[in-house]
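Nothing here was measured: the structure is a model prediction, and the numbers come from that model. We use all heavy atoms of the structure for the numbers below, so side chains are in, but hydrogens, waters and symmetry mates are not. Note on naming: letters A, B, ... go to the chains in the order of the sequence lines (proteins, then strands), and numbering restarts at 1 for each one.
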Protein chains: 2
Amino acid sequence: MNNPGPRNSPRTRRPTLYDVATQAGVSPSLVSLFLKDPGRISKKRRDAVQQAISELGYRPSRAATTLASSRTKSIGLVIDDYRNLWFVDLLRGMESVLSDLGYQVMLADSRPGENRIKEATDGLLAMHVDALVLAAEPSEAMLSGTWVPTVVAGWRNGIPEGADLITNDDDNGGSMAANHLLELGHVRIGHLSGSDGASAHRRAGFLRAVETAGVDPVVSTSAGTSEEDGYAAAVWLLDHHPDTTAVFAANDTMALGAFAALKARGLSVPDDVSVIGYDNSPLAKSRYLDLTSIDNRSDLVGVDAAHRLLARIEDPALLPERKLIEPALVLRGTTSIR
Amino acid sequence: MNNPGPRNSPRTRRPTLYDVATQAGVSPSLVSLFLKDPGRISKKRRDAVQQAISELGYRPSRAATTLASSRTKSIGLVIDDYRNLWFVDLLRGMESVLSDLGYQVMLADSRPGENRIKEATDGLLAMHVDALVLAAEPSEAMLSGTWVPTVVAGWRNGIPEGADLITNDDDNGGSMAANHLLELGHVRIGHLSGSDGASAHRRAGFLRAVETAGVDPVVSTSAGTSEEDGYAAAVWLLDHHPDTTAVFAANDTMALGAFAALKARGLSVPDDVSVIGYDNSPLAKSRYLDLTSIDNRSDLVGVDAAHRLLARIEDPALLPERKLIEPALVLRGTTSIR
DNA sequence: ACGACATTTTGTAGCGCTACAATTTTGCGC
DNA sequence: GCGCAAAATTGTAGCGCTACAAAATGTCGT
């Protein structure tokens, strides 16, 4: 058999647009046109080109397209850690508006502990992403020469000049968490706080609400925001304030750490101690954990970020904008009346 | 006349290698050489180029590099769902060998529920990744014309022709889980199984071990592999076999579902029922959940996959290889003597 | 100071694609 | 069947970079 398909030729070079043009008996320009908008060429040629493409197994070279058109139709998303699942909602939110427009979202994580944020960003920029979403704490080094529309999502410190900012109202969220616990009748409330920017805002909101209610706040701040950090902070809290009846963790992962500390002391949730987390991550949604949490509506942040970037791609002269997304309390099974 | 030079203009086009060359007073070729191997040019020029680069904020265009060299120094990784954290170990394993060699790993997920595996793969291929790791169930559509070295990790069905296969010995892992429970004295063992390829192997291994021990196996298979699926399967199991004293879940997420079902019935882990998961995901490692699990050593799979791909990039004629990685039991707090 | 090398630097020619102007084909009224 | 506008198609000139051969410069022994 004389199969011209790619299946049998083991190491031929990847077919190009010219191969397709030759095969279809048209000019390369026509093929290019087909790729861009098939509706604009005659049915006869359209079919011929389509057939040549599938016969050859042709895929356009993004590199060449990028180089020639200087538009990649792709958006970079820099996150801090794949294990912090809050980015998933952000990503889906972005995709929900970008996919239909033919944009692709590219992910890069900062390799936690190695501070590779700059590398991640550079990698994305080197690929000519049309715009950038920074969902990780921006560092000094990246402030300079970004050249593309950028929105920072979820962080509020060290914003690169000229970047948009769409973030969660963590202050308000902190207050919400505190008020929820206060309304349930708790007065011995401990807060497990982390060290990043978001934590600081959540803490501030918590303190404001608690003090407004005339209750003495207890805050245990740790170095990071991981489960271990949450555990350590909770251990400290329970050691120094054994009468605590409610715990507000700066994120769901830390709440898990609190669970561990409580379990180790034989305290049950929510009967002995109520626990509320933050992020409404898949963890919190888990049927087993069933963790009351604050949803920061990252999906909305994603949607907004996408719209914002599209606008800036259209008109780069747009002035940077700052916007807060209101969080929402998600009631589940880990908080109860005192 | 001559162009004004990008030095002071604030909103100019992105600087190119030519701008750097002009600024540094050398030829473009030299700058290219600098980028490739700074050690090969004289110190004088090296410094000049380096300075020009930082003055201009220059970043090489990956698209141009790709086009000109046809090597992107990047590897694509296709995963099924960002929320299934097992890919993180795989990724880190790959990075541990690839990063030092200057390779970058690019991630794409298949958007669970939308079966976008082909799209994810195509996107990566369009970016000219030098090689591909498929950590998601390969589909028919992608079998044709891949053109780059490919290794499938963690799946064993529908392998594209010519692809390497590095996967976990799920059969053996299933047996390990069963034997662990048998050794603890359990004889009423239920298995919560999923519908994908890996689940099938784990189930087979489980059945083999249990039957060898002369114990009657009970398997509850559900449509997917999510926590809800685990919950449903566990509910069925407890309804039909209330005397069950041990549960082997096909993955950690499903184990979480089992926890939920057990909690709903007031059964405690491990006092009433032992639970063992699979994947040794961050979930299992969690201090709170402390889930005994089978570690499929995805990090090793990642390391092997990376080595394999590098070899195939060097010599594309290499014959496809199939390799199994042995899993390991990780003892934690959710299994105990009957 | 002079060849005979080794080392450093440069010019030339694409990589695969798109933009856009130029050209050819088609459709249509009369 | 003719003229002319609209639609369809093609040619030309890069996009920013690298490979590689050619040229320039440097180093050394005698």
- prompt: Given side chains that start at C-beta, do those of B:V303 and B:D299 come closer than 4.5 Å, heavy atoms only?
  reply: no
- prompt: With a 4.0 Å cut-off on heavy atoms, is A:S69 in touch with a base, just the backbone sugar-phosphate, or nothing at all?
  reply: sugar-phosphate
- request: Please determine if a side-chain N or O atom of B:R45 lies less than 4.0 Å away from the OP1 or OP2 oxygen of C:dT8.
  value: no
query: Quick one: does B:R92's side chain get under 4.5 Å of A:Y82's, heavy atoms only?
result: yes
field: With sequence neighbours excluded, residues passing side-chain contact (heavy atoms from CB on, under 4.5 Å) with A:D122
entry: A:K118, B:R59
- prompt: With a 4.5 Å heavy-atom cut-off, do A:V78 and A:L124 have their side chains touching?
  reply: yes
query: Between B:E95, B:R62, B:K73, which is the residue that forms a side chain to side chain donor-acceptor pair (under 3.5 Å) with B:Q104?
result: B:R62
- prompt: Heavy-atom distance under 4.5 Å between the side chains of B:S32 and B:L17, does that happen here?
  reply: yes
message: Once you apply a heavy-atom cut-off of 4.0 Å, does A:P28 come out as touching a base, just sugar-phosphate, or nothing?
response: nothing
- request: Indicate yes or no: at least one non-hydrogen side-chain atom of B:R40 is less than 4.5 angstrom from one of B:L33.
  value: yes
- prompt: Between which nucleotides of DNA chain D, 5' to 3', does chain B make heavy-atom contacts below 4.0 Å?
  reply: D:dG16 to D:dA19
Can you give each donor-acceptor pair under 3.5 Å made by side-chain atoms of residues 306-314 of chain B, sequence neighbours left out, with the distance rounded to 0.1 Å?
from   : atom 1 : to     : atom 2 : distance (Å)
B:R308 : NE     : B:D164 : OD1    : 2.7
B:R308 : NH2    : B:D164 : OD1    : 3.3
B:R308 : NH2    : B:L319 : O      : 2.7
B:R312 : NE     : B:D164 : OD2    : 3.3
B:R312 : NH1    : B:L318 : O      : 2.7
B:R312 : NH2    : B:G162 : O      : 2.7

query: Is there a side-chain contact between B:I41 and B:L30, using heavy atoms and a 4.5 Å cut-off?
result: yes
All N/O contacts under 3.5 Å from nucleotides 21-26 of chain C to the protein, with atom names and distances to one decimal?
none

field: A:L30 vs A:Y18, nearer the 5' end of DNA chain D by closest nucleotide
entry: A:L30
Of B:G25 and A:A63, the one whose closest DNA chain C nucleotide lies more 5': B:G25
query: What residues, two or more places apart in sequence or in another chain, satisfy side-chain hydrogen bond (donor to acceptor under 3.5 Å, both in side chains) together with B:S61?
result: A:H128
message: For A:D130 and A:T72, which I'm curious about, is there any donor-acceptor pair between the side chains at under 3.5 Å?
response: yes
DNA chain C contacts among residues 32-41 of chain A, heavy-atom distance under 4.0 Å: A:S32, A:K36
- prompt: Touch check for B:S29, heavy atoms < 4.0 angstrom, all strands: base, sugar-phosphate only, or nothing?
  reply: base
